[in-house]
Amino acid sequence: MYYNIKTSDELTHVQQILINSSKIAYDTETTGLKWYRSKVFLHSFSNGEDNFVIRVANFNKSVLENFLRSILEDKNKLIIGQNIKFDRHHLRHTHGIEILGQICDTMLMSHLMDENTTTSLKPRCKAVLGIAMDEKEAVDGWLKENIGANKEKWDFSLVPEHIMDPYAGNDPWLCIKLYDHYLPSIEKHFRQLYETDMKVFDILYKMEKNGLPVDLPYLKSFQAILEERIEKNKKENIFFNFGAEFDVDSPMEVAEVLYKKMKFPVPKLTDKGVNSTDDEALGQIDHPVPKGIQQHRSMSKLLTTYVISLQEQAVNGLVHPDYSLTRTRTGRLSCSDPNAQNLAKNDELRRAFTVDPGEEMWFWDQSQIEMVGFAMYSKDSKMINAIKTGVDLHAMTAAEVLNKPVDQITKEERAMGKGTNFAMIYGVGKAKLARYLSEYVGRKIEDTEAAGFKGKYLNAFPMVYAFQRQVMSVIQMYREPWGHFVKNKFGRVRRIESQKAYTGVNHLIQGWAADMMKAAMVKIEEKFHPKWVQNIHDAIRLDLPVNTTVEIARDIGKLLTDFPEVELPIKYTMERSQTNWAEVKEVR
DNA sequence: GGATCCCGTTACGTC
DNA sequence: GACGTAACGGGATCCA
């Protein structure tokens, strides 16, 4: 049951009820998903019994905002949300209000309790509470019927009240029910992880709010340059040498041109058995046309995915990425709109990422954190010694596998060592290893060579082999309460189907590394309250005042790497720039 | 019949 | 291994 609150008297009454409720759920309905381009048009609350829908349009601005403050700024109140980072952004952007109460989030709870299915509120409530709410269907139905009429400037606020409000009224009620359901299990199994994740959630909120400064005039000029290069490449390298024009962006047409018309032998097939035209296949053909297509691909990736999209997403010279704590199975962060974690390593692109005047961008990264985790989990003495004495791990791997002294390892051999180390962490088979090594070494490596390398590797590092076997067998054993699963040292659980037990090693290492970074970020926030700008898995960017000393930066680096319980040294590297990302210089 | 939407596939950027 | 984004292309759907 919900109440649509329309008068000041009703609002006052609701205010009394909510002020007296120590635990409430809060939700917003907005005109869009991007907070920096949308407004809240509806607030909804629930105390678990009564649900209140409050439309922004029905109230005087200051009356409404006073009401919101009286509830959401109450530091003693527990405020529960479903992905409340979203509501916090919208609340701030629309009303300039911050939630000051203690925050809990059911999406984070859902993810800890089950990382393999959707964390979306209604499906989750249906699955674990058996409560099915179909009010959303009416909203969808109405949208479907009416969206055709004026799809240009569409938003949720146009859905009629009698359809939208029952749906909006349900959400906070469901949220509080799910919270009550999950809380005992979270307390029992994931208390520490949940606490850390909530703190990281708050840091991410700040990071997104701060945004990344981008140089729009530069991007615009870079776009023009790229477009020119792409045209020129198509004309002079691809079409000229082929003798006709075609759609270079179409894998189908590329295959037609290369394998039917130009009659090159097919180097490889895709997973579905189609003649492949990916970079590896093109690399096998020595001719200007495939070379031109390779160039075209990397240039248009840069242009569309980064250069154009960044300009479209920027507001006042800032892009505001959306980080998620619940979209990976391992506990890593993910990021979208834009994905600030996979911005191409390309100086011309990274020049576009600037820093505000008076500040300097600083990057720290945890060196080889996954290798440290690998050594720690496998307890391999050679690896542990190498990490303790600072020996080059990848060269050492090559030396061990090839049975020769480290100082005689060539560049290519080291690359193979590095590739193999990563492959072991990833848990790949020989076919994938071969492809992977080829990329690293820069020449074609056959499956047999890769398999041989892997075999020698496992002989040289028997503990790694034992570790793999142990993880597999732990997963194979069906156990309570999670079925087939592994758990990392932070207690993060990955439920894995027994047939896919090989992914267990990867989960332990990758998830452990992710939890290490989260723990470090929390420590850094608590000690320094810095301006958070970016996270790239094992690296962070903070923008600090230009007069910040190297000593302070080193203190931050220490927090990023100082984990006595790991019993292995973790190192960090530090970079900074007062201009842009392409200009960062290592600080020693 | 033609425009539009959806979804699987292919490809490629990061750690 | 873990992701997110873009583009294509075939099939389904909508609309006139």
Side-chain angles (χ1 to χ4, degrees), chain A residues 115-116 143-145 147-149 151 246-256 268-283 293-310 312-313 321-346 349-350 363 365-371 373-374 418-419 421-429 432-433 435-436 439 468 471 486 492 494 496 500-514 516-517 534-540:
Chain A
E115 74 288 354
N116 289 316
L143 284 172
K144 206 170 181 181
E145 273 180 30
I147 202 165
K151 73 186 91 166
F246 61 94
D247 184 356
V248 187
D249 291 320
S250 162
M252 241 178 123
E253 291 192 32
V254 169
E256 172 85 11
K268 61 178 273 201
L269 303 177
T270 66
D271 293 340
K272 263 197 80 196
V274 179
N275 293 345
S276 173
T277 63
D278 71 9
D279 196 58
E280 192 196 345
L282 298 183
I293 297 171
Q294 284 178 307
Q295 286 194 336
H296 176 267
R297 292 238 178 100
S298 59
M299 288 191 291
S300 60
K301 177 86 183 171
L302 208 55
L303 177 67
T304 58
T305 307
Y306 301 114
V307 176
I308 291 177
S309 141
L310 284 168
E312 288 171 351
Q313 294 178 92
D322 182 2
Y323 287 90
S324 173
L325 278 160
T326 57
R327 281 201 282 249
T328 67
R329 310 285 212 254
T330 55
R332 259 194 183 183
L333 299 180
S334 75
C335 183
S336 64
D337 308 297
N339 182 350
Q341 295 181 315
N342 79 340
L343 297 162
K345 280 184 163 174
N346 174 304
L349 175 67
R350 294 193 169 189
F363 287 88
D365 77 66
Q366 301 169 315
S367 312
Q368 307 211 55
I369 185 73
E370 294 190 334
M371 285 305 293
F374 200 33
K418 185 173 179 180
N421 280 334
F422 275 104
M424 290 300 145
I425 291 170
Y426 293 165
V428 300
K432 218 162 189 188
L433 175 63
R435 251 187 296 157
Y436 195 65
E439 251 178 69
Q468 286 181 341
V471 171
V486 278
R492 189 175 298 275
R494 168 84 182 267
I496 297 177
K500 294 208 167 189
Y502 62 89
T503 59
V505 167
N506 180 250
H507 171 262
L508 289 176
I509 309 298
Q510 198 184 102
W512 171 83
M516 289 285 285
M517 174 51 92
Q534 195 176 7
N535 164 284
I536 319 174
H537 300 121
D538 62 358
I540 53 168

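It should be emphasised that the depicted structure is a prediction, and the values quoted were computed from it without experimental measurement. Naming convention: chains lettered A, B, ... in sequence-line order (proteins, then strands); numbering from 1 in each chain. When reading the values below, keep in mind they use all heavy atoms of this one structure, side chains included, and skip hydrogens, waters and symmetry mates.
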Checklist entry - When all nucleic acid strands are considered with a 4.0 Å heavy-atom cut-off, which category describes A/Val505: base, sugar-phosphate, or nothing? => result nothing
Next on the checklist: Just N and O in the side chain of A/Arg494: are any of them under 4.0 Å from OP1 or OP2 of C/dA2?
Outcome noted: yes
Next on the checklist: Just to be sure I understand the rule, does A/Asp279 reach a base, reach only the sugar-phosphate, or reach nothing, if contact means heavy atoms closer than 4.0 Å?
Outcome noted: sugar-phosphate
Checklist entry - Just wondering, more than 12 heavy atoms not from A/Lys268 lying within 6.0 Å of its NZ? => result yes
Checklist entry - Residues two or more places apart in sequence or in another chain: which of them pass salt bridge (Lys or Arg N to Asp or Glu O under 4.0 Å) with A/Arg332? => result A/Glu370
Item to check | Distance in angstrom units between A/Leu333 CG and B/dT14 C1', rounded | outcome: 14 Å
Checklist entry - Base, sugar-phosphate, or nothing for A/Lys301, non-hydrogen atoms under 4.0 angstrom? => result base
Next on the checklist: Is it the case that atom CG in A/Asn116 sees more than 12 heavy atoms from other parts of the structure closer than 6.0 Å?
Outcome noted: yes
Item to check | Interatomic distance, A/Asn421 atom CG to A/Met371 atom CE [nearest 0.5 angstrom] | outcome: 3.5 Å
Checklist entry - Is A/Thr277 touching bases, backbone alone, or none of the nucleic acid, heavy atoms closer than 4.0 Å? => result sugar-phosphate
Next on the checklist: By the 4.0 Å heavy-atom rule, please label A/Ile425 as base, sugar-phosphate, or nothing.
Outcome noted: nothing
Checklist entry - So what does A/Tyr306 touch, heavy atoms closer than 4.0 Å: a base, only the sugar-phosphate, or nothing? => result sugar-phosphate
Item to check | Value rounded to 0.5 Å, distance of CD in A/Glu115 from CZ in A/Arg494 | outcome: 6.5 Å
Report all interatomic pairs (protein N or O, nucleotide N or O of nucleotides 9-11 of chain C) with separations under 3.5 Å.
{"residue": "C/dG9", "atom": "OP1", "partner": "A/Ser250", "partner atom": "OG", "Å": "2.3"}

Next on the checklist: What I want to check is whether an N or O donor and acceptor connect the side chain of A/Arg332 with the base of B/dC15 at under 3.5 Å.
Outcome noted: yes
